[in-house]
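Taking it in order: structure first as structure tokens, then the write-up.
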Amino acid sequence: MNRWPALVEFRSLGMLAVPIIITQLAQMGMGVADAIMAGRVSATDLAGIALGGNLYWPLMLLMSGIVMAVTPSVSQLHGAGRAADAGAVVRQALWIAVCGGASLAVALQNVEPAYRLLGVDERAIPVAAGYLAAASLGLPAMLAYVALRCLCEGMSWTRPAMFIGLTMLAVKIALNWLFIHGQPALGIPAMGGVGCGWSTAVVMACSLAVMVVIVSFSRMRESGVFAAFSWPNPAEIGRLLRLGLPIGLALFVEVAFFSGATLLIGRLGVEIVAAHQVAFNIVGVTFMVPLALGMAATIRVGFNVGANDFAGASRSAWVAAFTSIAWGIVFAAALLTWRHDLVALYTTESDVVQLAAGLLLLGALFQVVDGPQATVMGTLRGYKDTRAPMVIALVAYWLVGLPVGATLCFGLLGVPGIGVYGMWWGLVAGLAVVAGALFARLARISRDPVRVAQLRLR
């Protein structure tokens, strides 16, 4: 018997989390490639894809979150020795992915009136609408890919998504160049920022195709996902929706919270928005580690719950949580030490550098609240506890974080305004409330085997 079970668990989490970190960074790299390559065409193209992305990503994450119900479902089946039953679950998730993706695509084909209603700069609207019309065509494929990725990850195999992510990042960059600048010899016109939407759709389709091949010719065949055809099963789809919809809503609420803060900051001026975006991008990169730990914890906790090892599930959850806190402290120290150097990688404008570096002082606080809350959210998903975390996120972000941020930013209710720093204090406040409430929730669930057994039936 191993004398250091926490160390063994740490190694198991690391083996799962490292490929996920690389996968998430590759996906983030695709957005960076869009921004850099479209930005070199014109500011209008850059603004257009930014506007398109602000609508596309929250809605896509909402649907992806629903499909992510596959991970805890499959991991618990895997832990219970019932991997062969996973295929039937995934086939129902694929119905959700394809139908939901197609419905969302139809909606995103017709967003131009919404942009005009919001008073968006007329020059950017054609780019934003064109980008969404093209990118949305790949949504059914993207969500089907997410379902199959969750199958692999639920079976404790995280490397396929890493391989696909890195490969598709290279494909994305090449296709961006082709569609943005055009290739008359191939009959492809120069499309500017709209071309980023077309490359996104193609990459989504290619990602699904590669994942289908991997699942078909690997140990994932034991799931039987492609061994039979299943018509939609209302009971199983309902179960997945009850489990996955809170996940999707929690993701949507969080992304919308940050998007709302950015829109409010937009009233303060171009330099302030630029500084905010630079600081937020740096914080976003460091966020990939605790996010990946949370996804790995979903797998480990779910596996142990399925195996009736509730003590092991608790150990997996707390090892992940404390590892995330430790990483947060390390990242906070790194930001405090090298914040000016990191900002200088993005811009040479002295006013923007100074302001962004100042915001990273608060970004250091992000590391010890935002990262751990993301990790603990993942541990709770492993228990199939998704409804309470959704409510916690909604209350903390929209009834605490954004009101506090707006009050401190603009000086409402007699409180003197301190500009963008006030909004960042609001972000920290919202994240701190989420972190505290989720840790309390985990402490309660992990010590209650009866409740864990009840949640397992969901």
Side-chain angles (χ1 to χ4, degrees), residues 54 57-66 68-69 72 241-265 280 283-284 287 290-291 294-295 297-298 301 317 320-321 324-325 328 362-363 365-410 412-413 415 421-448 451-452 454-455 458:
N54 278 336
W57 284 105
L59 294 173
M60 193 275 282
L61 286 172
L62 173 63
M63 290 301 305
S64 294
I66 295 172
M68 284 168 61
L241 289 174
R242 287 192 297 274
L243 180 61
L245 187 57
I247 298 175
L249 287 173
L251 290 171
F252 178 82
V253 163
E254 182 172 3
V255 173
F257 167 60
F258 289 116
S259 295
T262 301
L263 289 173
L264 290 174
I265 289 170
F280 203 72
V283 171
F287 179 71
L291 177 64
M295 297 171 76
T298 300
V301 172
S324 186
I325 292 173
L362 291 172
L365 284 179
F366 267 52
Q367 307 306 307
V368 293
V369 290
D370 192 18
Q373 69 84 18
T375 300
V376 174
M377 186 81 80
T379 68
L380 291 171
R381 288 173 190 158
Y383 283 113
K384 293 188 177 178
D385 184 32
T386 59
R387 296 174 189 169
M390 176 196 69
V391 174
I392 289 169
L394 177 62
V395 171
Y397 291 141
W398 287 92
L399 299 183
V400 177
L402 204 59
V404 169
T407 299
L408 294 176
C409 180
F410 299 108
L412 307 175
L413 303 175
V415 177
Y421 289 102
M423 185 60 73
W424 275 60
W425 274 115
L427 298 178
V428 171
L431 291 168
V433 171
V434 171
L438 291 179
F439 267 87
R441 181 72 180 177
L442 176 59
R444 177 184 174 187
I445 295 293
S446 63
R447 292 198 302 260
D448 188 350
R451 181 58 177 155
V452 172
Q454 292 173 340
L455 288 169
R458 293 178 58 187

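Note that these values count all heavy atoms, side chains included, but never hydrogens, waters or copies made by symmetry.
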Is any side-chain heavy atom of Phe439 closer than 4.5 Å to one of Ile325? yes

In the structure I gave you, are the side-chain heavy atoms of Phe280 and Phe287 within less than 4.5 Å of one another anywhere? no

Closest approach of [X] and [Y], non-hydrogen atoms and distance?
X	Y	result
Gly422	Leu408	CA-CB, 3.5 Å
Ile445	Asp385	CG1-OD2, 3.9 Å
Val253	Leu394	CG1-CA, 3.8 Å
Val400	Val433	CG1-CG2, 4.1 Å
Leu380	Pro389	CD1-CG, 3.8 Å
Ala297	Ala320	CB-CB, 3.7 Å

Check the pair Leu402, Leu264 against side chain to side chain contact (heavy atoms under 4.5 Å, CB included), reporting the backbone distance first and the verdict last. CA-CA 10 Å; Leu402 204 59; Leu264 290 174; 4.3 Å; yes

In Å and rounded to the nearest 0.5 Å, what is the [atom1] to [atom2] distance from [X] to [Y]?
X	Y	atom1	atom2	result
Leu365	Trp425	CG	CH2	5.5 Å
Met68	Leu243	CE	CG	10.5 Å
Arg242	Lys384	CZ	NZ	10.5 Å
Ile66	Phe252	CD1	CZ	11.5 Å
Met63	Leu245	CE	CG	9.5 Å
Glu254	Leu431	CD	CG	7.0 Å

Are the side chain of [X] and the backbone of [Y] linked by a donor-acceptor contact shorter than 3.5 Å?
X	Y	result
Ser64	Leu61	no
Thr407	Pro403	yes
Thr298	Gly378	yes

Using the side chain to side chain contact (heavy atoms under 4.5 Å, CB included) rule, take Ile247 and Met390 through it: C-alpha gap first, then chi angles, then the decisive distance, then the call. CA-CA 7 Å; Ile247 298 175; Met390 176 196 69; over 6 Å; no

Do the rings of Tyr397 and Phe258 sit parallel, tilted or perpendicular, given the 30° and 60° boundaries? tilted

